[in-house]
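Below: one structure, written as C-alpha cells.
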Amino acid sequence: MQSVLTASGRVSSLEVVIPNSGWIEAICGPMFSGKTEEMIRRLRRATIARKRVQVFKPSIDTRFSDQEIVSHGDRRMPSETVKSACEILPSTHWQTQVIGIDEANFFGPNLVSVATQLADAGKQVIVAGLDTDFLGRPFQPMPDLLALAESITKTLAICMCCGAPAKHTQRLTDSGDLIVIGAGEAYEARCRNCFRPDTPRQESLDFTVETASSPEGLET
Ligand code: ADP
Ligand code: MG
Ligand code: ZN
C-alpha cells in the first residue's frame with residue numbers, strides 16, 4: 001500500500017480511500033509560491049520510502065538546469081527533460097511508482113490524459129504548475145488536472161508590493177505572449193489587490209531586478 005503522511009505526520013485520507021491504486025496529486029499556485037519545493041519534498045520522502053521515482057520537466061524550461069528541477073530557493077532534484085507530454089508515457093519505467101511532473105503549464109492540454117493514464121496504471125502522479133496566467137486567467141492544463149486529482153495543494157507566495165499572501169504572477173515585461181520564460185527578472189508574486197495585469201512595469205525593470213533578486217528572506 002502506498003501511504004501518504006501529511007506534514008503533521010498523520011496518514012492522509014488517500015491511503016484510506018484508494019489502497020493499491022494510483023492517484024494524482026496537484027500542486028498549484030503562482031510563481032515563487034513553493035510548488036517545486038513542495039514537489040521535491042514529496043519526492044524525497046518517496047525516495048526515502050525506497051519507492052522508484054521519476055521526475056519530468058519540459059525542455060522549454062531551461063532557466064536553471066536541463067537535468068534537474070530547481071526551485072527559486074535553489075533546492076534541486078535530478079529530472080528527465082521531455083519535449084512534450086506525449087514523451088512522458090514511453091519514458092516511464094514500468095517499475096516506477098512515483099512520478100513528478102513540474103511546470104505543468106508548459107505541457108499543454110495533453111498532460112491531462114497522460115497523468116490520467118499514469119494514475120490509472122497505478123502510479124502516484126505529482127503534478128505542479130501555475131493555475132493562472134499573467135492576466136490572472138485559469139491556465140490549462142492545471143484547472144482540468146485540479147478537477148481530476150485526488151489531492152490538491154494550493155500554495156501562495158508573498159506579495160512583493162505589500163507582503164500579503166500572493167496568488168498572482170505579475171509579469172514585469174511588456175509582452176502579450178501566453179508563455180514567456182523567466183524568473184525574478186520578469187515576474188513577481190502579487191496579491192489580489194496589488195496585481196496589475198494591464199500595466200507591465202517595463203520602464204522600471206532595473207528597479208524590479210533589484211527587488212526580485214533578494215527574495216530569500218521571504219520564505220513562507
Ligand atoms: P515555484 O515552483 O512555485 O515557482 P519554488 O519552489 O521554485 O516556487 O520557490 C519557492 C522559493 O522562492 C521560496 O522558498 C523562497 O525562497 C523564494 N521566493 C522568492 N520570491 C518569493 C516570494 N515573493 N514569495 C515567497 N517565496 C519567494
Ligand atoms: Mg516551480
Ligand atoms: Zn499586495
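Values below: all heavy atoms of this structure, side chains included; hydrogens, waters and symmetry mates excluded. Along the sequence shown, residues carry numbers from 1. Model, not experiment: these values are computed from the prediction. First listed ligand is number 1; within each ligand, the first listed atom is number 1.
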Are [X] and [Y] packed together at the side-chain level, in the sense that at least one heavy-atom pair is separated by less than 4.5 angstrom?
{"X": "Leu130", "Y": "Met142", "result": "no"}
{"X": "Ser91", "Y": "Phe56", "result": "yes"}
{"X": "Phe134", "Y": "Asp177", "result": "no"}
{"X": "Val98", "Y": "Leu43", "result": "yes"}

Q.
Any atom of ligand 1 sitting under 4.0 Å from a heavy atom of Ser33?
A. yes

Could you tell me whether [X] and ligand 1 have an N or O pair separated by under 3.5 Å?
{"X": "Ser71", "answer": "no"}
{"X": "Ala189", "answer": "no"}
{"X": "Phe32", "answer": "yes"}

Q) Quick one: is the NZ or CZ of Arg190 closer than 6.0 Å to the six-membered ring centre of Phe195, and within 45° of its axis? A) no

Q: Determine whether the side chain, the backbone, both or neither of Pro30 has a heavy atom under 4.0 Å from any heavy atom of ligand 1.
A: backbone

Q: Ignoring hydrogens, just give me the one of Glu103, Arg190, Glu37, Met31 whose non-hydrogen atom is nearest atom 6 (O) of ligand 1.
A: Glu37

Q) Which residue from His72, Met160, Met39, Glu38 reaches closest to atom 17 (C) of ligand 1 through any of its heavy atoms? A) His72

Q | Ligand-residue contact atoms, ligand 1 with Ala157, heavy atoms, under 4.0 Å | A | 24 (N)

Q: Please could you name the atoms of ligand 1 that Ile158 approaches to less than 4.0 Å, counting only its heavy atoms?
A: 22 (C), 23 (N), 24 (N), 25 (C)

(Q) Strictly distance-based, threshold 3.5 Å: is any side-chain N or O of Arg171 a donor or acceptor partner for the main-chain N or O of Ser175? (A) yes

Answer yes or no: is there an ion pair linking [X] with [Y], defined by an N-O contact shorter than 4.0 Å?
{"X": "Glu37", "Y": "Arg41", "answer": "no"}
{"X": "Asp198", "Y": "Arg196", "answer": "no"}
{"X": "Glu103", "Y": "Lys57", "answer": "no"}

Q.
Just to be sure I understand the site: which N, O or S atoms from the protein are less than 2.8 Å away from the Mg ion (ligand 2)?
A. Thr36 OG1

Q) Is the CZ atom of Arg192 crowded by more than 12 outside heavy atoms at less than 6.0 Å? A) no

Q: Check the pair Cys28 / Leu146 against side-chain contact (heavy atoms from CB on, under 4.5 Å), numbers first and verdict last.
A: CA-CA 8 Å; Cys28 68; Leu146 295 179; 3.9 Å; yes

**Q.** Metal-centred angle, SG of Cys159 through the Zn ion (ligand 3) to SG of Cys194, rounded to 10 degrees
**A.** 110°

Q: Give a yes or no on whether Cys191 keeps an N, O or S atom under 2.8 Å from the Zn ion (ligand 3).
A: yes

